[in-house]
Every structure is written in structure tokens, then in C-alpha cells.
Amino acid sequence: MGRPFDVKTVEAKWQSRWFDEGTYEVDNDDPRERYFALCMYPYPSGAAHQGHVRNYTFGDLVVRYQTMLDKAVLSPIGFDSFGLPAENAAIKAGSHPRLFTEERMKELSSSLRRLGAVYDWRREVFSHDPEYMRWSQTFFLALWNAGLAYRAEAPVNWCPGCMTVLANEQVHADGTCDRSGDVVIRKNLEQWFFKITDYADELLTGLDSLDWPERVKTMQRNWIGRSEGVEFDLPLAYDPSRALRVFTTRPDTGFGVTCAVIAPEHPLLVELTTDDERERVLELVERAKSESDLERTVSTEAGPGLDKRGAFTGSFVVNPFTNEPVPIYVADYVLGNYGTGAIMAVPAEDERDFAFATAHGLPVVRTIQTPDGFEGGAYTGDGVHINSGFLNGLGVDDAKRAASEFLEKNAHGVSKVNYRLRDWLVSRQRFWGCPIPIIYCDDDGMVGVPLDQLPILLPDDVTMDKTGQSPLATHDSFRHTTCPKCGKPAYRETDTMDTFTDSSWYFLRFADPFTPDRAFDPEQAAKWMPVDQYIGGVEHAILHLMYARFYLKALIDLGIAPGLAREPFARLFTQGMLRIDGAKMSKSKGNQIAPEQYYETVGADGLRLFHLFAGPPVDDVDWNDQTEEIIEGCGRFLDRLYRLSHYDDVNFHDAPDEGDLDVRRSVHRSIATVTECFEKWMYNIAVAEVMSLLNTVSKHARSEHGVERGTLDEAIDVLLKLLAPMTPHLSAEIWEERHPDDSALHAQRWPVADPSLVITTTVTMIVQVNGKVRARLEIDPQISESDAHEAALADETVQRALAGASIKRVVSRPPRLVNIIV
RNA sequence: GCCCGGAUGGCGGAAUCGGCAGACGCGGAGGCCUCAAAAGCCUUUACUCGAAAGGGUGUGUGGGUUCAAGUCCCACUCCGGGCACCA
């Protein structure tokens with residue numbers, strides 16, 4: 001397309017200027033009000049793709065807008081540079097992941113600059129920087145010393161594709177790996193964990209204060225999964241001095257217990273199993289062990305096969321409510337690592353128990369009166385208790401209280417809160433991550449690497465193993481070391497940390513990377529934290545966003561980050577994703593649309609404008625045949641702006657008249673609208689408003705009568721300021737042409753609407769007859785109810801519509817409408 | 001199965017304090033400019049009946065509340081996302 005200016009030259013000029021002059025560098029002692037704007041730590045996968053463009057366009061808009069509001073805006077950037085893709089690529093190419101990663105970092109940096117995104121590059125951070133690793137390892141040791149990092153054997157998720165264990169959060173509900181999509185298998189391994197469960201309660205309650213999308217908060221709440229209940233004893237029938245301990249959230253249904261069920265991993269299982277039942281029980285236990293979670297996670301619907309998922313142990317416990325013996329079953333639907341690994345089963349009021357009981361021919365005893373017409377198995381709603389001794393007649397809540405008291409007195413009952421959340425598994429059997437700074441000594445056991453020996457760096461002389469096994473595990477000079485305590489030969493830990501540990505504190509480093517010999521100065525960090533606006537994809541709703549919340553709380557409690565707000569991200573925005581033919585646009589699917597081609601035509605400005613205009617930022621964007629044309633349209637808008645600002649085809653007249661005043665009103669109303677839209681993330685509407693204003697001004701200026709010079713200049717300058725955060729290059733260029741002696745556009749203040757020009761002097765009132773619009777009247781907004789009524793009736797078209805019919809009623813709602821009912 | 005979103009012209013989407021449905025843009029149609037084209041500019045564009053004036057119908061479906069419903073209530077359909085044996 002032929003454009004009235006050279007887009008590449010203009011954009012290159014301003015990009016160099018912002019970068020070379022450090023326009024968006026900000027000092028920690030800046031006295032202005034502070035604003036911390038942050039896009040999620042990007043993984044350096046090479047040149048920016050459209051998803052990045054969208055994300056960083058939003059981020060850059062926030063930075064530039066807040067800057068124009070005269071705030072000290074912290075806009076940092078860095079790279080989440082450890083991770084599997086680099087490692088896999090290095091394996092393929094036979095190189096080192098570092099070389100590969102640094103190449104990709106350069107590409108991503110320059111494509112962010114090409115987009116016109118502005119940062120304080122002095123604060124750049126990347127995870128594999130030795131200085132960053134030093135602090136990652138320091139923090140690991142601090143967590144370890146405080147007991148928040150520990151090593152334990154547990155059944156863990158192993159991804160055969162990634163050749164490493166994964167955290168629970170990285171495994172989908174269907175048992176597949178979040179990264180590779182492989183089916184995850186369960187292994188018993190000794191691994192490193194962070195004790196995130198210590199913070200379960202705060203992670204839950206802290207959500208309330210956050211200005212985050214409700215669905216993200218809901219997802220975190222569900223993931224944490226708090227449940228209140230009672231833990232109590234079911235005495236063993238053959239030895240009442242001992243008991244099976246169970247957890248329930250429904251103590252009120254105790255009279256309906258018809259069996260107890262324990263997990264295949266339960267420590268008492270062997271003892272409880274009688275000779276007669278041993279064969280079937282062992283078979284079930286073996287199967288539970290070998291099956292993947294995918295196979296084990298089948299829904300608990302009654303049907304063929306369900307009976308095989310549980311077996312009678314041959315033993316009984318006594319129900320403390322009824323003093324009757326009930327059989328103990330083992331079943332894989334009861335989890336070994338939740339609650340006590342054993343439950344009381346109440347088929348009448350729990351769907352899983354109902355399905356299980358039905359499959360095994362166990363009785364169903366209702367303890368809550370079902371509503372009339374209730375059909376089906378378990379009834380989980382509220383109701384009056386029946387068949388329940390002292391609980392009869394009570395509702396669920398009252399019965400829960402009474403039953404809990406009973407259990408406290410008679411069955412060692414204690415109220416207990418359980419969480420679904422498990423500790424964060426942080427060790428990975430991979431090379432390209434931050435090494436865990438622990439040494440194993442035969443005499444001293446686990447010993448932390450002394451702080452003055454940090455960072456433990458990854459060796460350069462490695463051959464990436466085609467099998468995917470980490471070369472650290474077999475790297476002799478890395479593995480062999482001496483014990484810091486006794487000096488004897490010892491081994492290093494060869495696992496590395498989950499890369500989510502790196503992204504759990506990078507924002508603190510951004511706040512202060514300047515203080516020597518410290519990860520950050522807490523006083524400096526406290527000035528910026530929490531992040532005022534965090535921007536990223538919803539795919540991190542649980543993973544990164546929960547880990548970072550935990551990590552910051554832990555660092556504060558360990559005295560590393562005293563004085564900081566306990567929540568890292570005050571306000572979160574999650575943008576929609578890009579789809580192409582309904583599928584997610586992604587590198588792995590190979591369906592990405594590169595941004596570069598658009599820089600040649602509409603420029604970064606045009607592409608940015610498209611992303612802002614395409615629809616609400618939260619919504620997904622479907623990239624289709626029409627998209628190209630919309631992008632072209634965004635380019636055309638910028639051309640029209642350029643022409644108008646050069647007075648193409650404009651006619652002038654001298655003194656401002658009523659028409660000019662109307663233009664000024666439009667200008668000021670647009671200021672108000674765009675400002676509001678920016679605050680509410682309604683960027684698509686902000687763009688529409690600016691387009692609309694340009695149309696209004698152009699039309700007026702190009703009319704035969706023309707425009708008064710000062711009025712047009714004000715309109716153009718306001719347009720440039722409103723567009724400055726959206727299309728920064730061209731706006732800055734035009735501004736400079738028009739104001740060669742003034743400071744640059746981005747140093748200008750955001751415009752403020754003149755209230756006297758925003759208020760409307762006349763307004764259109766609609767007149768309806770029986771709810772149908774029959775006339776539109778220009779009236780004074782202050783018009784009284786009766787005047788509005790009269791004006792409506794006086795109108796000719798209204799009279800024609802009434803056609804003499806008798807008026808039953810008039811609804812007068814000035815200044816919006818009058819509705820006449822006949 | 002449960003929990004959240006969402007459904008508006010040919011298309012992306014506006015309009016949430018119940019008060020002009022379709023802002024803005026894309027696409028289409030017609031015109032101006034031009035030897036012609038591109039670019040640009042102007043007009044028009046929900047559907048439908050009508051030559052026109054004018055009328056009727058319209059926000060996934062079916063009901064309801066109201067003078068008035070895209071917006072509120074009830075029931076449902078479809079699409080997207082999250083969770084899915086956590087006792």
C-alpha cells in the first residue's frame with residue numbers, strides 16, 4: 001500500500017531514540033507516585049509471535065499511559081531462560097542449551113524493541129545468569145534451613161516424554177503432562193518439595209483482597225480445596241483398643257455408615273486382610289500400583305468393572321453411632337495421601353459411596369429425608385435427619401455440630417481442616433535448570449553448599465544425551481566434591497529446580513537489581529511492590545500465580561523480604577489467546593502468523609492498533625481471512641490521521657463559530673471516553689472512539705465552510721496524545737513535526753477533559769407510542785417531566801401515530817424518553 | 001457430573017443504571033477523481049413488504065415480569081473454558 005510517510009524509517013527512528021536515550025528508565029529514588037507494570041516473565045522461544053505482540057502491546061500501552069499520568073513507571077523485562085525446550089533443541093542440534101537460549105533471547109529482545117515496547121533495560125534479568133542463580137540457590141537453602149524445603153519419598157508424577165518428575169500442578173486432570181501431553185506415570189521416588197501447604201490457608205484467604213479475574217481466583221480456590229470436617233476413630237471389631245482413623249465432612253450422616261473404605265496404600269491394610277480375602281486384596285493393590293492415574297481416574301459411576309475396584313478385607317470396625325460392626329473394604333477411589341487415607345462410607349448421602357455400595361451389594365441406609373419426588377441414588381442436599389438416633393429431626397448444619405460433639409466425646413474426634421493442595425515438587429531430573437545446592441556426605445548426610453561457594457553453575461563440557469537423561473547425573477567433575485563439614489569426598493545433588501522457582505521472585509529482582517551483593521534491597525523492593533498491573537495468559541492461573549504468591553510469603557517470613565506486601569500482584573489481567581481456525585495459535589502446532597510481514601506494510605503501529613481494536617482484550621481472537629483486511633484498515637486510519645495533521649484538503653475560516661464549538665465538544669468527550677476505556681481495559685472501544693473523533697474532525701475540516709485553525713490544532717494534538725500509548729511511533733513523529741521546539745510527545749501529560757465542554761447542552765429525547773419509537777426531539781437535558789410530556793404530544797408525527805386514539809397513560813422519563821400508551 | 005463464561009447484521013464487535021439495537025471497523029453496492037487502474041474521497045448497507053411515502057419483523061429457543069427487555073426472572077439448546085473420585 002502506498003502510504004503518505006515511510007513507516008519503517010519513522011518506527012526505526014523512534015525505537016532507537018527511546019532505547020538510546022533510556023526514555024523509560026526509572027530510578028528507585030524517583031519522587032513521583034509509583035506504578036509497577038509487568039508482563040509475565042517470557043520464555044525466550046525466539047522472535048516474538050502474535051501472542052507476544054498482543055501481550056506486550058497491552059503492557060506497553062499501560063506503561064506509556066501511566067507515564068503520561070506523570071507517574072514513575074517501572075517497566076522491566078527479562079527472560080525465563082531455563083527450561084526444557086532449549087534442552088531438547090540442544091539435544092537435537094548437539095549443542096549446549098545456553099548457546100541456543102542466548103540466541104533466542106537476543107531474537108526476542110530485538111523483536112520486542114521492533115514492536116515499540118519500552119523498558120528499563122538496565123534491569124534486565126534472566127534465570128541462567130550466574131548472579132541470578134546465586135540468589136535462587138541462596139533462597140533454596142534458606143527455605144531448606146527453615147524446613148520449608150525438604151526431601152521425601154512419595155508417589156510422584158513421572159513424565160516419560162520429559163524424562164523427569166512433575167509437580168501436581170503440571171499434570172492435567174486426565175493424567176497427561178502439561179508440557180508434552182504424554183501420559184504421566186506414578187512412581188515412588190525420593191524428591192525435593194517446597195512446603196506450600198503451610199501457606200494453604202493464607203493462599204486461600206489472600207485471594208479475597210486481590211483485583212484479579214474472578215475465574216482465576218475460583219481456579220485457585222478449587223485447587224487449594226479447603227474442606228472442614230472431623231477426624232475420628234472407628235474401633236477395630238477384633239481389637240477395640242485400636243482403631244481405624246477416618247476423615248469426614250459429613251459427621252451428621254454417621255448413622256448411615258454401612259462400610260469403611262481404606263486406600264490401597266493404607267498401612268493397616270496388610271493386618272486387616274484375612275487369609276480368605278488376601279488373594280483378591282493383593283491383586284487390587286498390585287493393580288493400583290502399576291496403573292497410571294489416567295487408568296485409575298475413571299468416574300465413579302455404577303457399572304461393570306466398579307466392583308473390581310474394591311475388595312472386602314475380611315475385617316470389621318464398629319460404627320460409634322450405632323455400635324454395629326461394619327465391613328472394611330479397600331478401594332482405589334480412596335486416596336492414600338488425603339485425609340487419613342480411610343473413610344466412612346455413607347451410600348445414601350454420597351454419590352461415590354452409593355456407586356461403590358451398589359456394586360458390592362452393601363445396604364443403603366437413608367439418614368436424611370429425601371424431598372418429594374426424589375429419584376436416584378445419593379441425596380446430598382439439606383433435609384431433616386431420620387434413622388439417626390439423637391440427630392433425628394435436625395437439619396444438616398445442626399446435626400453436623402451435634403455429631404461432631406458426639407465424636408469428640410466418644411471417638412477421639414477432632415475438628416480438622418483438610419486441603420487438596422499438596423506440597424510443590426521442585427526437583428527435576430533435567431540439565432537446563434538451576435542446580436539444587438545440596439551435597440550428600442556419607443557421614444554428615446545432606447549438607448547445604450556454603451553461601452560463599454554459590455552459585456553452583458552448570459558445566460559447559462557436557463554432551464547432551466540423546467536419551468534425554470540429564471548429563472549432570474553422570475558428570476564426574478560436577479558430581480564429585482568434598483563435604484563442607486568434614487572435608488571427605490561427597491556427592492552433589494544432580495537434580496535441578498523447577499523453572500517455576502525462577503519465575504517466583506524475578507519481579508523482586510526487577511524492583512532492585514542495583515544493590516551489590518544482595519538479590520534486592522527489601523527497602524527498595526518495598527517501594528515498588530506489589531505489582532500494580534500484571535499481565536499474562538490465563539494458562540498460568542494456577543501454576544505460576546500460586547507458586548509466586550507462596551514464594552513471596554515465604555521470603556517475607558524468612559526475613560529475606562521484610563516489609564513487603566504479602567501479595568505480589570495486586571491487579572491481574574489475563575488476555576485472551578489467539579486462535580486460527582479455532583485452534584490455539586502456537587509454535588508446537590506450527591500455525592503461527594509472524595508479525596514481521598506487517599512491519600513492512602502497516603508497521604508496528606498498525607499491528608498494535610489491530611490487536612487493541614480486534615475485540616475485548618479478555619476475549620480470544622480468531623485469526624482468519626478477514627484479519628488481513630482489518631489490519632489494512634488500521635493502517636488506513638493512521639494514513640488518514642497523517643493527512644489530516646498535514647491539513648490535506650482542509651478549509652479554514654477565521655473566528656471560531658458554533659460548528660467549531662461542536663468539534664471542541666467532541667474532542668473533550670473523546671478525552672473522557674478514552675480515559676475511562678483505558679482504566680477499564682476497554683481498548684477496542686478506545687480505538688473506536690479515536691476513529692470516530694478523527695471522522696468528526698475531518699468531516700468538519702473538509703467541509704466547504706471549513707474549520708477555525710486553533711480548533712483543528714487542538715483536535716489534532718489531542719488525537720496524538722490519545723494515540724500515544726496505542727500507536728507511539730507515528731504519533732510521536734507527527735507531534736515532533738508540529739512542535740519541533742517542544743518536548744517529545746511521550747513527555748507530554750495525558751489530556752484532561754474540560755468539564756464545561758463535556759456536558760451536553762441538547763440531548764435527543766425519543767418519543768414512543770406503545771413502546772415503538774415515533775419521534776426524536778432535541779430538548780434541553782434539564783427539561784421537566786410535564787414539559788417533556790407536552791413537547792411529545794405537540795409533535796406532529798406523534799399525533800399522526802396516535803391517530804386520535806384515547807391516551808391511557810404517559811410515562812415521562814426526561815430527558816431520555818416519553819412513552820405514550822393508548 | 002459440577003462450576004464459570006458466552007450466543008447480537010455477510011464478518012469482528014458496540015450498546016449492562018431496563019429506555020434510539022447494530023457505535024467503530026471489515027466486507028458489499030453505487031458514485032466522484034482518472035485515458036484507465038491503484039490510492040484517495042463521497043453516499044449507502046439488519047431483514048422484509050412497498051415505485052415511493054410508509055409499514056412489519058428482528059439480539060440462540062420457549063415462557064414470564066414491565067409502559068418499556070440484548071439487558072431482569074424461570075426452563076432449555078448449543079459453543080468455549082476450568083475442575084473432576086480430595087470423603
Side-chain angles (χ1 to χ4, degrees), chain A residues 1-4 172-174 213-216 218-219 221-223 225-227 229 246-250 253 261 296-301 309 331-335 337-346 349-353 355-356 418-422 538-539 541-542 576-577 579 582 609-610 613-616 618-622 624-634 636-637 639-640 643 648-649 682 684-695 698-699 702 764-773 775-776 800 808-813 816-822:
Chain A
M1 68 196 281
R3 306 197 64 177
H172 290 163
D174 65 0
E214 214 41 58
R215 70 182 178 127
V216 174
T218 304
M219 282 164 72
R221 286 190 189 107
N222 290 342
W223 188 261
R226 179 191 152 97
S227 69
V246 295
F247 172 74
T248 182
T249 55
R250 293 296 302 277
T253 60
V261 188
R296 203 169 143 173
T297 307
V298 286
S299 71
T300 317
E301 280 166 31
R309 298 185 50 221
D332 62 5
Y333 81 91
V334 173
L335 305 173
N337 57 351
Y338 183 79
T340 60
I343 61 157
M344 58 175 226
V346 189
E349 279 93 28
D350 183 286
E351 299 194 12
R352 297 153 303 181
D353 296 346
F356 186 77
N418 267 315
Y419 296 93
R420 209 186 77 108
L421 180 71
R422 302 291 142 78
V538 75
E539 65 272 18
I542 294 172
M577 59 179 189
R579 306 166 157 282
L609 197 63
F610 161 74
F613 186 53
V618 279
D619 287 359
D620 289 351
V621 171
D622 214 350
N624 55 35
D625 300 345
Q626 235 202 134
T627 305
E628 298 289 331
E629 280 156 348
I630 299 174
I631 294 172
E632 290 291 314
C634 289
R636 277 199 296 273
F637 164 76
D639 293 348
R640 286 199 297 272
R643 285 194 212 99
D648 283 11
D649 299 321
M682 291 159 60
N684 53 326
I685 314 301
V687 175
E689 180 65 26
V690 174
M691 287 176 167
S692 214
L693 178 61
L694 181 71
N695 290 347
S698 297
K699 197 163 195 164
R702 289 176 178 164
T764 309
M765 181 176 78
I766 57 166
V767 183
Q768 299 177 330
V769 176
N770 285 342
K772 287 189 203 297
V773 181
R776 294 177 171 82
R800 212 174 330 129
K808 285 190 191 140
R809 184 180 166 189
V810 177
V811 180
S812 191
R813 294 280 179 279
R816 304 196 93 141
L817 97 165
V818 172
N819 190 6
I820 303 163
I821 318 302
V822 296

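In this text, all values refer to a predicted model and were calculated from it rather than measured experimentally. Labels below follow one simple rule: chain letters A, B, ... track the order of the sequence lines, proteins then strands, and each chain is numbered from 1. When reading the values below, keep in mind they use all heavy atoms of this one structure, side chains included, and skip hydrogens, waters and symmetry mates.
Across all strands shown, A/Leu817 has heavy atoms under 4.0 Å from base atoms, whether or not it also approaches the sugar-phosphate. Across all strands shown, A/Glu689 has no heavy atoms under 4.0 Å from either base or sugar-phosphate atoms. Within the 4.0 angstrom heavy-atom criterion, only backbone atoms of the sugar-phosphate kind lie near A/Glu629; the bases stay farther away. A/Asn337 comes within contact range of no nucleotide atom at all, as no heavy-atom separation falls under 4.0 Å. Among the heavy atoms of the strands, none lies under 4.0 Å from A/Gly771.
Atom CD1 in A/Ile630 sits about 9 Å away from atom P in B/G13, given to the nearest Å. A/Phe613 places its CZ atom 8 Å from the P atom of B/C26, with the value rounded to the nearest Å. Distance A/Ile766 CD1 to B/G18 C1': 12 Å, rounded to the nearest Å. Summarising the geometry, the separation between CG on A/Asp649 and P on B/C32 is reported as 18 Å, rounded to the nearest angstrom. We find that CG of A/Asn819 is positioned 17 Å from P of B/G18, with the value rounded to whole Å. Distance, A/Asn418 CG to B/A87 P: 7 Å, rounded to whole Å. The CD1-C1' distance, from A/Ile821 to B/A68, rounds to 8 Å in whole Å. One interatomic measurement links the two molecules: CG of A/Asp353 to P of B/G1, which rounds to 20 Å at whole-angstrom precision.
Across all strands shown, B/G5 forms a Watson-Crick or G-U wobble pair with B/C79, both key distances being under 3.5 Å. Base pairing annotation: B/G18 forms no Watson-Crick or G-U wobble pair, as no partner gives both donor-acceptor distances under 3.5 Å. Using the Watson-Crick or G-U wobble rule with both distances under 3.5 Å, B/C33 pairs with nothing in any strand shown. Across all strands shown, the partner of B/C24 is B/G12, judged by Watson-Crick or G-U wobble contacts whose two distances both fall under 3.5 Å. B/C47 is paired with B/G56 under the Watson-Crick or G-U wobble criterion, all donor-acceptor distances under 3.5 Å.
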For nucleotides 42-47 of chain B, tabulate all protein N/O to nucleotide N/O atom pairs closer than 3.5 Å, reporting atom names and distance.
| residue | atom | partner | partner atom | Å |
| --- | --- | --- | --- | --- |
| B/U43 | OP1 | A/Lys699 | NZ | 3.4 |

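Between A/Asp648 atom CG and A/Ser698 atom OG the span is 10.5 Å, to the nearest 0.5 Å.
Its glycosidic angle being more than 90° from 0, B/G10 falls on the anti side.
Using a 4.0 Å cut-off, some side-chain N or O of A/Ser227 falls inside it from OP1 or OP2 of B/A87. Between A/Lys772 and B/G54, a side-chain N or O to OP1/OP2 separation shorter than 4.0 Å is absent. Close to B/G25, at under 4.0 Å from its OP1 or OP2, lies no side-chain N or O of A/Asn684. Residue A/Tyr338 places at least one side-chain N or O under 4.0 Å from the OP1 or OP2 atom of B/A87. Regarding contacts with the backbone of B/G80, every side-chain N or O of A/Arg579 stays at 4.0 angstrom or more from both OP1 and OP2. Taking side-chain N and O atoms only, A/Arg221 has no distance below 4.0 Å to OP1 or OP2 of B/G82.
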What does nucleotides 3-8 of chain B look like as a protein-contact string, B for base, S for sugar-phosphate only, - for none, at under 4.0 angstrom between heavy atoms? -S----

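In this structure, A/Ile821 and A/Asn770 have side chains that are in contact, with non-hydrogen atoms separated by less than 4.5 Å. Put simply, the side chain of A/Met344 reaches to within 4.5 Å of the side chain of A/Thr253, judged on heavy atoms. The shortest side-chain heavy-atom distance between A/Phe637 and A/Asn695 does not fall under the 4.5 Å cut-off. Using a 4.5 Å heavy-atom threshold, the side chains of A/Val346 and A/Arg250 count as separate. The closest side-chain heavy-atom distance from A/Ile343 to A/Asp353 is below 4.5 Å.
Using a 4.0 Å cut-off between charged nitrogen and carboxylate oxygen, A/Glu214 and A/Arg221 count as a salt-bridge pair.
Mapped onto RNA chain B by nearest heavy atom, A/Val621 and A/Gly633 fall at different nucleotides, with A/Val621 at the one closer to the 5' end. If you find the closest nucleotide of RNA chain B to A/Gln626 and to A/Met682, the one lying nearer the 5' end belongs to A/Gln626.
Judged by distance alone with a 3.5 Å cut-off, no donor-acceptor contact links the side chain of A/Arg809 to the base of B/C67.
Ring geometry for A/Tyr333 versus A/Phe356: interplanar angle of 30 to 60°, hence tilted.
Checking B/G19, B/C20, B/G25 against every side-chain atom of A/Thr764, the shortest atom distance belongs to B/C20.
With hydrogens and angles disregarded, a donor-acceptor distance shorter than 3.5 Å links the side chain of A/Asn819 to the backbone of A/Gly771. The backbone N or O of A/Gly576 sits nowhere less than 3.5 Å from a side-chain atom of A/Asp620 that would complete a donor-acceptor pair.
Within a 6.0 Å radius of CZ in A/Arg215, other residues, nucleotides and ligands contribute 12 heavy atoms or fewer.
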